[in-house]
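Remarks on the structure that follows.
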Amino acid sequence: MSFAIARPTSHEHAARLLADGSYRLPVLKAGGMDVVDHLKENLIDPDLLVDVQPLRPDEPGGAIHHIETENGGRVVFDASTTMTELAESEVVREHCPVVGQSVADAATPQVRNVATAAGNLLQRPRCWYYRRKQFDCLKKGGSTCYAVEGENRYHAIFGDGPCYIVHPSNLAPALNVSDGVVHWVNRDGESHRTPSRDLFHSPREDVESEHTLPNDAVITRIEVADRPASGFYAVKEKQSFDWPLVFACVQLDLDGDRIESADVWAGAVAPVPWPLPDVAEALRGVRITDAGAVREACANAIRDARPMRDNGYKVKLLPVAIRRAIRRASGRPAHDLFDGEE
Ligand SMILES: Cc1cc2nc3c(=O)[nH]c(=O)nc-3n(C[C@H](O)[C@H](O)[C@H](O)COP(=O)(O)OP(=O)(O)OC[C@H]3O[C@@H](n4cnc5c(N)ncnc54)[C@H](O)[C@@H]3O)c2cc1C
Ligand code: SF4
């Protein structure tokens with residue numbers, strides 16, 4: 001394997017390099033955490049790496065700003081903002097805590113210091129069959145999903161295939177409860193905006209890709225709305241260096257301790273960030289302190305779950321993750337052993 005490395009002078013320049021027909025397979029690299037993994041496992045064989053990291057704005061703590069718009073406040077951050085910068089940002093913590101919480105404990109400090117927001121969104125799935133070159137599964141143009149009959153304990157409980165990956169990004173569902181918008185440019189220098197809710201498609205639409213952006217799209221920045229009563233909770237096998245087994249992102253509109261409205265999304269349970277409108281509807285009017293009513297509302301999350309042979313445990317964990325995310329969204333600790341919450 002040999003490839004050239006290009007250092008574009010702008011995002012538009014990077015988009016042009018991606019679209020330049022003189023390269024067989026140009027690949028865009030940001031922090032490189034996932035791209036380099038793909039190189040090491042021989043999953044891709046690019047002839048050009050387009051390195052956008054040198055385009056990072058030179059601002060300590062990352063380029064994270066709060067702006068006022070006609071429709072309320074929004075937090076805007078550069079595509080190259082690292083997971084650490086998002087997690088440590090006071091602006092994010094004050095205006096949209098779910099975004100910072102979603103990446104605060106993901107991966108390891110070393111990964112978080114390098115991995116970018118855009119790269120987190122567009123990283124490829126972790127399915128172990130996808131990650132091994134010798135398995136020519138559906139996602140790699142083959143004819144079989146090995147997870148159906150094989151090892152599927154970390155796979156999807158929603159979505160009905162034909163590929164059963166779980167979407168790998170912690171950040172994506174957090175953007176979805178925050179009216180997230182992804183800004184990108186293309187080879188012609190045109191600027192576009194895609195709501196985060198439209199950023200990913202089901203494997204039924206195209207099993208070989210996960211997102212809806214064209215090949216020459218270069219993400220420039222991401223914005224979210226003010227969501228001060230929002231929270232994230234992940235259940236993991238161990239607390240560091242691990243992927244969530246399930247996680248939940250919640251945003252609440254509260255009137256005192258009464259939930260006026262809610263938005264609830266789950267992660268690590270489906271090939272795309274998974275909306276839970278039935279839970280949101282059932283939470284309407286519930287008092288946050290009424291543990292029984294909150295529990296009942298969260299039980300709706302698993303009504304349509306279709307676990308595979310080895311991942312039935314996710315059905316039990318998901319309502320717990322949602323309840324804990326609700327607690328965090330309302331400013332309380334995720335769990336309190338003294339008030340009956342397990
Ligand atoms: C041990 C370990 C544990 C992890 N645990 C978690 C976890 O719990 N939760 C989680 O969410 N993630 C986890 N990750 C994944 C990690 O967060 C991602 O690999 C990382 O965020 C990718 O970011 P990057 O900047 O390094 O992307 P890169 O590897 O540079 O790129 C990833 C993809 O995004 C594309 N891309 C990057 N930037 C842009 C852009 N500006 N415009 C268009 N396309 C772009 C690239 O072309 C590539 O396809 C873990 C990783 C490791 C190694
Ligand atoms: S779940 Fe998807 S990526 Fe994994 S083996 Fe099946 S088709 Fe391949």
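The analysis underlying the following values was restricted to heavy atoms, covering all of them including side chains, and did not include hydrogens, waters or symmetry mates. Whatever order the structure lists them in is the order used to number ligands and atoms, beginning at 1.
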**Prompt:** Looking at A106, which atoms of ligand 1 are within less than 4.0 Å of one of its heavy atoms?
**Reply:**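 Under 4.0 Å from A106, ligand 1 has these atoms: 7 (C), 8 (O), 9 (N).
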**Prompt:** Which atoms from ligand 1 have a heavy atom of K29 less than 4.0 Å away?
**Reply:**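 It comes down to these atoms of ligand 1: 30 (O).
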Look at ligand 1 and say whether [X] reaches it with a heavy atom at a distance under 4.0 Å.
X	answer
V218	yes
H11	no
D242	yes

**Prompt:** Based purely on interatomic distance, does G31 place a nitrogen or oxygen under 3.5 Å from a nitrogen or oxygen of ligand 1?
**Reply:**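 Yes, there is a polar N/O contact under 3.5 Å.
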**Prompt:** Below 3.5 angstrom, do we get any N/O pair linking N120 and ligand 1?
**Reply:**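 The answer is yes, given that N120 and ligand 1 share an N or O pair closer than 3.5 Å.
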**Item:** Shortest reach to atom 35 (C) of ligand 1 by a heavy atom, considering only T220, L122, V114
**Value:**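 Result: the heavy atom closest to atom 35 (C) of ligand 1 is in L122.
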**Request:** Report the member of A217, G119, A268 with the shortest heavy-atom distance to atom 37 (C) of ligand 1.
**Result:**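 Minimum heavy-atom distance to atom 37 (C) of ligand 1 goes to G119.
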**Asked** Does some side-chain heavy atom of D226 sit less than 4.5 Å from a side-chain heavy atom of C96?
**Response**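 No; the side chains remain at least 4.5 Å from each other.
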**Prompt:** Between K29 and D51, does at least one N-O distance fall below 4.0 Å, as a salt bridge requires?
**Reply:**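 Looking at D51 together with K29, the answer is yes, because their closest N to O distance falls below 4.0 Å.
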**Message:** For atom 42 (N) of ligand 1, what's the nearest protein heavy-atom neighbour? Residue, atom name and distance, please.
**Reply:**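 Protein heavy atom at minimum distance: I219 N, 2.8 Å.
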**Asked** Considering only the protein, which heavy-atom contact is closest to atom 45 (C) of ligand 1, and what is its distance?
**Response**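 In this structure, atom 45 (C) of ligand 1 has L28 CD2, 3.3 Å as its nearest protein heavy atom.
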**ligand 1-proximal atoms of R112, by part, heavy-atom distance under 4.0 Å** =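 Looking at R112 and ligand 1, no heavy atom falls under 4.0 Å.
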**Request:** Provide the protein N, O or S atoms situated under 2.8 Å from atom 2 (Fe) of ligand 2; waters are not included.
**Result:**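 Listed by chain and number: C163 SG.
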